[in-house]
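Working notes, structure below.
Numbered from 1 within each chain, the chains take letters A, B, ... in sequence-line order.
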Amino acid sequence: MVDFAGWDMPVLYTGIVEEHLHTRRAASVFDVSHMGRLELLGDAAEALLQKVCTRQLGDMVTGQSRYSHVCNERGGILDDIIVSRYDDHWGVVCNASNRQTIVSWLELHKPAQGVELRDRTTETLMVALQGPAVIPKISTMLPLPVGDLKRYRFLAGEYFGIPYTVFRSGYTGEDGVEVILPASTAQFVPGLLGGEGDEILKPAGLGARDTLRLEAAMPLYGHELDDKIDPISAGQAWCVDLKKDFIGVEPMRQIAAAGSEFALVGLELAGKRIARQGAHISADSNVVGRVTSGTFSPTLQKSIAMGYVQREHSAVGTKLGIEIGGQPLDATVVSLPFYKKGK
Amino acid sequence: MDRKYSKTHEWFKIEGDIVRIGITKFAADELTDITFVALPHVGKKVTAGGTFGEIESVKATSELFSAVAGEVTEINKVLTDKPELVNTDSFNQGWMILLKSADLKPLDALMDAKTYQDMIG
């Protein structure tokens, strides 16, 4: 167990590699209750979210979620979040480590009237069920048409008086759902999921969560994303609506026009050594970038990493050196993601 | 067992004027699945308290420290292809280096098995 943003969480249950592979082959359940869960109510809630989010939210329908960044005035990323449109309010799920930042930011920028912000984090729990066996399995367990739910859509309602939200989304590169329930139901959740001996659905911890998201090239705040980096340079221009006036848009318009100095790339290393965050990336003997995340990919059986490099060295196939143990080890820029389900 | 244990979870086994060094099962479990052990070349001179290599797992990379100064006389080459031996047999097949040392006194200050067991709790 480790302290993760103030939450006591398991790195693993049986083994990181074992849990990782089980997720790709069958199904794993991750307790992600540490993440921030906020609700915004009121007539001015949508406008507030449009003001702080890089993504266009105006055409979202009830039951839809979108990934977005929240940035400061300089265009630096404060957090990456999921915004969801319910019929009578908006939901925001944010990183545990940035929950206070986001709550304060929303409080700071909300108008005097028209927005009520509720932090529901400690009153709720959230579990992520991820893997190819999830949808078939829960379709038999829950009386909900989860199988018909499109990606980034959700179902919200009450079941015997218990409010639930089931999102078809995840952070592993596999199919699956993320479920929000009241914290008071926590003791019943393991039983609902098949219990300790279930052969299909097994618990997985933070270690596997990281190796899975890295294979799927999903960014992690504090690694690929932080307040010194803008979404465009982070390869996330797709979730930025430059035509919208949101906080931080001006610097981003300039970066988009001039082209970013840096690009986030995927790297495959020769050999088995693992690149760690902060390791220098070099071209010939010049430092041209740094590693943001690295691991030994359990699925691909290769050492993989993500990092920022100067744009001129970011083309797929470029040969670079990554400093490990005091020496530059050979690496090649590869296209992202490293892993795609169904391949 | 005639081993001594450091605060950084290395074990030291005296074999004449040679010291066999590895890491404990506790340390291997903390690292989780070990993917690579970077060992020094034979002949390398190690300082007391200095590092002799690195160990990598999917979770983290850690340095390996020697409590005694000496010269590396042998390294466990099997670990190149089977780094997982450090997880499965930390105290025997997972040994890492043999160090020829002229001064084994620093080992007196290390923990014995019971004290180490108390430390890891």
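Contacts with chain B were tallied for A:Ile324, A:Asp210, A:Val17; A:Val17 has the most, counting heavy-atom pairs under 4.5 Å.
Atoms CG and NE2, on B:Asp33 and A:His20 in that order, are 11.0 Å from each other to the nearest 0.5 Å. With rounding to the nearest 0.5 Å, the separation of OG1 in B:Thr35 from CD1 in A:Ile274 is 3.5 Å. Residue A:Lys272 holds its NZ atom at 11.0 Å from CD of B:Glu56, rounded to the nearest 0.5 Å. Rounded to the nearest 0.5 Å, atoms CZ (A:Arg273) and CZ (B:Phe36) are 4.5 Å apart.
Other residues, nucleotides and ligands contribute only 12 or fewer heavy atoms inside 6.0 Å of the CG atom of A:Asp330.
At a 4.5 Å heavy-atom cutoff, the contact between B:Thr80 and chain A is made by backbone atoms alone. Contacts between A:Leu12 and chain B at a heavy-atom distance below 4.5 Å involve the side chain alone, from C-beta outward.
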